[in-house]
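For reference, the structure is listed below as structure tokens.
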Amino acid sequence: MKPPPFKYLAPDSLEQALELMAQYGGEAKPLAGGQSLIPAMNFRVAQPAVLVDLNRITGLEYIKTAEDGSLAMGAMTRQRDLEFDPQVAERVPLLHECMPHVAHPQIRNRGTLGGSLAHADPAAELPVVAVAASARIRAQGSRGERWIEAEQFFQGMFTTALEPGELLVEVVFPPAEPGIGWSFLEVSRRRGDYAMLGIAASLSLNAQGVCSAARLVFMNAGDGPIEARQAAAGLSGQQPGPEAFEQAAAAAQQEIDPLGNVHATVAYQRHLATVLTRRALAIAAERARGNGNLPAAGAA
Amino acid sequence: MENHQLSLVVNGQPAEGQVEPRLLLSDFLRHELGLTGTHVGCEHGVCGACTVQFDGQPVRSCLMLAVQANGHEVLTVEGLADSREQLHPLQQAFWEAHGLQCGFCTPGFLMTLVPFLAENPDPSEREIREAISGNLCRCTGYQNIVTAVRLAADRLRAI
């Protein structure tokens, strides 16, 4: 047997799950797709006394477009479903674009949206995209529910704003504004490996084709999704192009705080940040021009 | 820890078990049901050798608990071919194209690729390489695996 012994509970409803989480407190761990928790248990790094399996609960697996154009997704929605859902591709293209980079197809068949966010691995794609796309997270506890902005949700390595006993139940991505372009890029040794560095970028152009806002959120560049705010702010009012993007890239690589690992030194991660920022902004600008009443490609 | 009653369908046949919750699906298949075709390599989701189909989709059986399979359907490499005398077209292609040497990783590749070819009957080489990115092979260098998949794809489309 790989994992140490634990008590296994598989409630049928969210209410039951919340009761069990409250009853067992810090002893209990919720089990979503299990693609990070089970390996940690196999290594005995994680040794929860109680496992509350959320897989028997119906009603936490959905992708729904709301009237205002935002996209609501249940926490137990499988990553493979996000990858192929046409609403995701249309409404949250950044999320759609990152999905093939999330581990391997076999992992995405089990892995869930909520599980990946709640796990809060700094090297994971979904937290970075949730921050860059300003997702809101609905958490439910035995005493009620609350909404948490993705930016506030991630609080450090494997640490979130969830209180003990609270479960992440839904993620809502707001509709993309006109004039916004996006890009997700990462560099990994092999397809599906943890990336050495990644970026989720968005760039907004105004009616004159000038940069009006930008977000640059980095993956595996610190203890969570790392946003380069100053680099992004510096783009405002600039003509989109190689010069502005080069400046932003130079600023961004200084703002991040990569830790280095066996595959990439800190210096190499900073180099990747420079290159990926430049490339991501160029792609985002191109898409922004195609998304709204803006000058056609090549005009700027 | 109390045991859990488990009842599922494996390779089209009903199967039962009394399992500790911490028993992995991979170990249940191998040790309780004797289906040792599902190989166990890294046991943390990296190598892909333990890939089985869970309700028709490839998953890592080392990253699931056996109790989670209660009421579900599992297909292992033993259930791939229609009979003991005949290989599945993909198995046949692996054999002919030398898509294996030691064979340890092969069941995982097969269980990953059969649903892939059902979804994408005429894949490009790049698509094939992406599809097998979650399966490690230390013998072949992957070249003959890709060749085998192309061969099987051509044959399966002709059926």
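Letters A, B, ... mirror the listed sequences (proteins, then strands); counts begin at 1. Predicted model, so just to flag it, every value in this text is computed and none were measured.
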Quick one: which residue pairs count as a salt bridge (Lys or Arg N to Asp or Glu O under 4.0 Å) with a foot in residues 32-55 of chain B, not counting sequence neighbours? A:Lys2-B:Glu43
Heavy-atom neighbours of B:Arg126 CZ exceed 12 at 6.0 Å: no
If I compare all heavy atoms of A:Ile38 with all of B:Cys62, which pair ends up nearest, and what's the gap? CG2-O, 3.8 Å
Okay, A:Leu37 and chain B: the region with an atom under 4.5 Å from a heavy atom over there is neither
Under 4.5 Å, counting heavy-atom pairs only, tell me which of A:Ser36, A:Gly33, A:Pro4, A:Ala40 racks up the most with chain B. A:Pro4
For the CG atom of A:Asn42 and the CZ atom of B:Arg22, what is their distance to the nearest 0.5 Å? 11.5 Å
Which residue out of A:Leu51, A:Ile107, A:Asn55 racks up the most heavy-atom pairs below 4.5 Å with chain B? A:Ile107
Chain A interface, residue from B:Arg129, B:Met111, B:Arg60 that has the most non-hydrogen pairs under 4.5 Å: B:Arg60
Under a 4.5 Å cut-off applied to non-hydrogen side-chain atoms, are A:His104 and B:Asn135 in contact? no
Pairwise distance CE(A:Met1) to CD(B:Glu20) - rounded to 0.5 angstrom: 4.0 Å
Which bit of B:Leu23 is near chain A, if near means a heavy-atom gap under 4.5 Å: side chain, backbone, both or neither? both
Between B:His4 and A:Tyr8, what is the ring plane arrangement, given parallel below 30°, perpendicular above 60°, and tilted in between? perpendicular
Does atom CZ (A:Arg44) have a neighbourhood of more than 12 heavy atoms from anything else shown, all under 6.0 Å? yes
Within 6.0 Å of CZ in A:Arg189, more than 12 heavy atoms from elsewhere: no
Atom pair CD/CE of A:Gln35 and B:Met64 - distance to nearest 0.5 Å: 8.5 Å
Contacting region of B:Phe116 [heavy-atom separation from chain A under 4.5 Å]: neither
Does any N or O in the side chain of A:Arg191 come within less than 3.5 Å of the main-chain N or O of B:Glu130, such that one atom is a donor and the other an acceptor? no
Nearest heavy-atom pair of B:Leu24 and A:Pro3: which atoms, and what distance? CD2-CG, 4.3 Å
Would you say that more than 12 heavy atoms from the other residues, nucleotides or ligands in this model lie under 6.0 Å from the CZ of A:Phe158, or not? yes
Does CD belonging to B:Gln5 count more than 12 external heavy atoms closer than 6.0 Å? yes
Quick check: under 4.5 Å, non-hydrogen atoms only, which of residues 108-125 of chain A neighbour chain B? A:Asn109, A:Arg110
Which bit of A:Pro100 is near chain B, if near means a heavy-atom gap under 4.5 Å: side chain, backbone, both or neither? neither
Taking the side chain as every heavy atom from C-beta outward, state whether B:Leu65 and A:Phe6 have any pair of such atoms under 4.5 Å apart. yes
Part of B:His31 lying under 4.5 Å from any heavy atom of chain A: neither
Give me the atom names and distance for the closest heavy-atom approach of A:Leu31 to B:Gln68. CD2-NE2, 3.3 Å
